[in-house]
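In each ligand, atom 1 is the first atom listed, and ligand 1 is the first ligand listed. What's counted below: heavy atoms across the whole structure, side chains too, no hydrogens, waters or symmetry copies. The structure presented is a predicted model; accordingly, all values stated were derived computationally and were not measured.
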Amino acid sequence: MRNIKYIVVHCTATQPTATVEAIKKYWKGVRKWDKPGYHYLILRDGEIVQLLEEKEISYGAYGHNHDCIHIAYIGGIDKEGKPVDNRSARQIHAMFDKLVELSNRYRSAEILGHRDFPDVNKACPSFDVKEWLKNYEPEFKQAA
Ligand SMILES: [Zn+2]
């Protein structure tokens, strides 16, 4: 079993309308990756698609992948290509629940955003993961 040290949150750095197929095509065709970039992808409607088994290594964060689980929401940039947190309410809820579930299984793993690695010069996932987790109130789930 892999020793998971980090649960890493990403955005796909696409328009929120991007499809799973288009994202997979990009990884294969442009990046030449033989495996997906993330283990889990959160769709606009809150559905979570597993792209890779957790025991497999994916390509989400260069140099860190061996001890990471990667989870991404579709979106993260605006029409001009600038970073923006454009998660839908359903994506936010699904992300929170998934992070709770993962951290229950990987109890010593730290949850962080891709950009929180010191050697990363990206905006991904376009919001401050630790601040969000600190302030998120799951009891308001039904309201949104
Ligand atoms: Zn990322």
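The cationic group of R31 does not satisfy the cation-pi geometry with Y59, failing either the under 6.0 Å distance to the six-membered ring centre or the 45° limit from the ring axis.
When atom types are taken as modelled, the side chain of N86 and the backbone of D78 share no donor-acceptor pair closer than 3.5 angstrom.
Atom NZ of K5 sits in a sparse spot, with 12 or fewer heavy atoms from other residues, nucleotides or ligands closer than 6.0 Å.
Ring orientation note: the planes of W132 and F96 are nearly perpendicular, at an angle over 60° on the 30°/60° scale.
Protein-derived N/O/S atoms nearer than 2.8 Å to the Zn ion (ligand 1) total 3, waters excluded.
Side-chain contact check for L41 versus Y73: every heavy-atom pair is 4.5 Å or farther apart.
Hydrophobic clustering (side-chain heavy atoms under 4.5 Å, transitive across Ile, Leu, Val, Met, Phe, Trp, Tyr) keeps V9 apart from Y6.
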